[in-house]
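Encoded as structure tokens, the structure appears first; notes follow it.
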Amino acid sequence: MDHAEGDEARQDDNIDSGSDSDTPLGKRKRPAVRKRVLDDDDDDNEDADTLSSSDSGAPALKRTRPAAAKRKSYKDDSSESDGEGDYRGSSDSDVPLAKKKAADSKSAKSNGSSKTNGSNGTSRTKAAPKYKEESDSDAPLAKKAASKKTTTTTKTKVKSEPVSSSKSKQSSTTIKKRVKEEVDDKSKVKKIKKEEVDDKGKVKKVKKEEDEDEDADAWWLNQKENEDESVKWTSLKHNGVYFPPDYVPHGVKMKYDGKPITLAPAVEEVAGFFGALLFTEHAENPTFQENFFKDFSKLAKAHKTSPEITSFKKCDFTPMYEYYQAEREKRKNMTKEQKEAAKEEKMALDEMYGTCYLDGRKEKVGNFRIEPPGLFRGRGKHPKTGCLKLRVQPEQVSLNLSKDAPIPKAPAGHKWGAIVHDDTKTWLATWKENVNDSTKYVFLAAGSSLKGQSDLKKFETARALKKEIDWIRRGYMTDLKDKKMFIRQRATAMYLIDRLALRAGNEKGEDEADTVGCCSLRFEHVTLEKPNIMHLDFLGKDSIRYQKTVEVDEQVFKNIRLFKREPAQEGDDLFDRLKTSELNKHLQNLMKGLTAKVFRTYNASFTFQDQLRKTPKDGTVAEKLLAYNRANRDVAILCNHQRAVSKGHAGQIEKIEDKVRAYKYQRMKQKKMILSLEPKLKKKRPELLEPESDLEDDWIEEHEAQLMEKERERIKAKFEKDNLKRKENKEKPMPAGELKDLLKEVDVRAKELAKERKTGVVPPTRGATVEKCNTQILKLDERIAATRLTLTDKEENKQTALGTSKINYIDPRISAAWCEKYDVPLDKIFTKTLRDKFKWAMTVDADWEF
DNA sequence: TAGAAAACTTAGCATCGTCTTT
DNA sequence: AAAGACGATGCTAAGTTTTCTA
């Protein structure tokens, strides 16, 4: 924003930035975390910082970036007690975590005293990692007890040392065990059911086939315990990957400087990439153009194109554009045979590359197609968008399969980059992509056992969090007031991640789009408003805007204000001493398997199940589905899953709005009629005089014209129909004059309406009474409200994508149980592919709980 | 041990396929 | 039959987390 401030800050910077100043600009490194004790006092200065410069209302997209983050004058650690009144953390909270563990037994005691801290005591104890091996029975129980039975001894709970070395194995085994038990139970039940059915002998084999297959492939029915998790398979056989066909030159010439020019095939191909995108947002994007042209002109030069292509402006790709448009058209108009042939071909490819054998089971491969060359389409303001993505050669591709598997043949004249036999990896093939230098993989499909297993594991971790969430929350609520900046920031971040379902927010590089998550939030992304309102406005993953206003906990509000004061400038990190790795490390300590994203999964699934309780027990299937989708939408909103509004949306909305206006129009007429019937009411019911909102005179005129037109149509149609009937009955048709008369009546009516418009007086229709009008108005009120509801419903749904949460965040067992409970067919909520993906989850019964 | 790379999940958009409307 | 709407699926970018490396 302003330089005056900035400069001052910069001076500050110089004083203490020390080692940071030599951090290379390009790399946005964080300052080494210097410890510091909070010296602020929350409660004063309140006004001083009520905020904020940057609330222009515009999204905070500017990136003032680089050097910023690193300045700040941190006091050092030697704590001056700040005498903060509400700091309750007894001795332990300022002990570094490592030491805290040792101190636990003590703290448990001291905490036991006050009630509020009683629970804290538990959490504190818990904070030291000691996930119980067998059965969750003991540690978690303590917590349960604490919350349920209120009292219970915290003291006895204090356990010895955490076994941090043996790491995650134990807990995951525990989870597995639990799952297995559950599954075993279920399958028993199922089997019994089956037998019963069989005994009665009546029910046919209907899906016998499927069932058998299922059993054979039902990995979830016999999860092995103590299996080494890192080993993913013992046998893996597949046919490699499919490469896109070589480029076939079409000879269509682009124009340069107004003249058609001849391009070498390789150059023509790239020109075509751009041509095909002409008139899209990408092709209009300057960065895209620039990046494209850089690569394109270089390539053209390498092929000695003449004349040399040096100016983007002189390029005219429209001939190519037209060519590709025509190709599209052709494809659309393929004959049946051609379509059939294409299908065959696709099936053959699917069979060849789309399937593999994993431990002898036939499984689907996800993306067996090597990504074809093209122009990189980065999202948002990606600095590299438009860059040429090169064709991948077999030499760049590594395959992963078991030693006993035959090595697929590389395309003629080529060799594979490498053949590996790594049974700890799930990928079948990998290569490096040239634009961002990132690694691409071919994995199994979503419905495969491997993916299913990790899906199950994911949700089990989320369910584990459900059991721990209470004390974890109490823990970070306490930490919000910790003296150490780092702890405070960590707690605040946890709060946001938990309550707002934010992503972790890793650091990003200079050559990526500037998007953020929780830990990478910057000054300008958050504005505060007294007393405890927080506005968030930033670009998240995929450059999707996150814009929400929320009420936050008082202490969170104070903390953010404090963090903001530190940077005090755009471009500075809000959580300047927190990295996702540190956050996750902490979370690991709280619960094995816990990472930032687990909160998203947990909250999504939990919210969903919670919202589903609104399902009408005895409604129609449609009503139940409505409830389902509402719950789904709540989750999508929570996770900020958006989509571009569809093209026709505005039109559709317009239509509904028109409908509302039409109702309002009718209501207006009714009101005026009342006044005609009973002029005295003007005083008693002044609302009758109030004009309807959003009802313009022009609109009314047009609307009435439409009404009349419709009326005429109706009359004509009726007239003709009547005559047809008469004909059938051998009667004489009505004379055309009759129709004319009828239509004249409409004209008369139109004149009446025009008059009403002018005078504002609506004479009562025959038989009208005030009462009747009143009921009419009431009805209209209702209709208007209902239509408005569908309007907001539609409006919100239009930019909310339900799919992502359904696919990734909502435990499918919740849905399966719901279907069972409310007797809704599964395929009403899951497509075939989703049913396939979630087949492991479909055996739960109606009372299953997340 | 931090930073980079690898591995894997999550994400929206383009396109496809199917069903409805014109 | 064409056009349009819309959900399902494919594609690959963009995240997070885990693992490797210097």
Side-chain angles (χ1 to χ4, degrees), chain A residues 27 29-30 32-33 167-168 230 232 276-277 280-282 328 331-333 339 342-343 346 350 354 366-372 374 376-380 382 384-385 389 398 400 422 424-427 430 432-433 435-446 450-451 454-455 457-458 497 503-509 512-513 515-520 539-544 579-585 587-588 593-598 600-601 604 636 639-644 646-649 651-652 799-809 830-834 836-837:
Chain A
K27 285 285 176 165
K29 287 198 186 123
R30 290 185 172 252
V33 179
K167 287 262 162 170
S168 62
S230 64
K232 305 288 173 36
L277 292 176
T280 65
E281 220 166 296
H282 279 119
R328 275 174 155 226
R331 222 177 319 135
K332 253 200 292 190
N333 298 330
K339 278 182 185 165
K343 214 170 191 177
K346 189 171 172 287
D350 277 348
N367 258 25
F368 54 82
R369 278 166 217 273
I370 293 286
E371 294 175 17
F376 173 69
R377 282 132 108 143
R379 318 231 171 105
H382 194 119
K384 292 202 172 181
T385 194
K389 193 166 91 171
S398 300
N400 187 25
D422 188 344
T424 67
K425 304 292 183 291
T426 66
W427 55 266
T430 183
K432 203 72 165 271
E433 155 271 353
V435 175
N436 294 294
D437 202 34
S438 66
T439 322
K440 301 277 188 163
Y441 299 88
V442 172
F443 292 116
L444 290 188
L450 278 178
K451 294 288 189 189
S454 69
D455 232 23
K457 192 174 147 204
K458 169 180 79 184
I497 286 170
R503 295 189 184 83
N506 287 307
E507 297 264 340
K508 291 193 75 183
E512 296 176 272
T515 62
V516 299
C518 183
C519 294
S520 46
L539 295 184
K541 182 178 178 181
D542 292 305
S543 294
I544 295 295
K579 278 191 276 188
T580 53
S581 54
E582 293 162 331
L583 175 65
N584 277 335
K585 209 158 108 195
L587 295 177
Q588 277 309 316
L594 186 59
T595 59
K597 85 188 185 83
V598 178
R600 250 167 104 81
T601 314
C639 295
N640 202 40
H641 290 142
Q642 302 191 4
R643 58 172 175 168
S646 70
K647 259 188 255 157
H649 179 63
Q652 291 165 344
Q799 44 180 357
T800 308
L802 304 190
T804 308
S805 52
K806 195 188 252 188
I807 293 167
N808 299 304
Y809 288 103
F830 287 144
T831 63
K832 189 154 54 67
T833 31
L834 276 191
D836 188 41
K837 170 176 160 120

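The figures here come from the full heavy-atom set of this structure, side chains too, leaving out hydrogens, waters and symmetry mates. Labels below follow one simple rule: chain letters A, B, ... track the order of the sequence lines, proteins then strands, and each chain is numbered from 1.
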Sugar-phosphate, base or nothing in reach of Gly540(A), heavy atoms under 4.0 Å: sugar-phosphate

5′-ward residue of the pair Lys425(A)/Val598(A) relative to DNA chain C: Val598(A)

Closest to the Ala596(A) side chain, choosing from dA14(C), dT17(C), dC8(B): dT17(C)

Sugar-phosphate, base or nothing in reach of Thr430(A), heavy atoms under 4.0 Å: nothing

Sugar-phosphate, base or nothing in reach of Gly378(A), heavy atoms under 4.0 Å: sugar-phosphate

Nearest-angstrom distance from the residue atom CZ of Arg369(A) to P of dA13(C): 16 Å

Distance, rounded to the nearest Å, where Lys232(A) contributes NZ and dA7(B) contributes P: 10 Å

Given dT17(C), dA6(B), dA7(B), the nucleotide with the shortest approach to the side chain of Thr595(A): dT17(C)

Nearest-nucleotide comparison on DNA chain C, the residue closer to the 5′ end among Asn436(A) and Asn584(A): Asn436(A)

Candidate nucleotides dA13(C), dT17(C), dG15(C), ranked by approach to the side chain of Lys508(A) - the nearest: dG15(C)

Salt bridge (Lys or Arg N to Asp or Glu O under 4.0 Å) between Lys346(A) and Asp350(A), worked out: CA-CA 6 Å; Lys346(A) 189 171 172 287; Asp350(A) 277 348; 3.6 Å; yes

Distance in angstrom units between Lys458(A) NZ and dA7(B) P, rounded: 20 Å

Closest listed nucleotide, where the reference is the side chain of Lys832(A) and the choices are dA7(B), dT17(C), dT9(C): dT9(C)

Contact pattern, 5' to 3', of nucleotides 11-22 of chain B - B, S or - by protein heavy atom under 4.0 Å: SBS-SS------

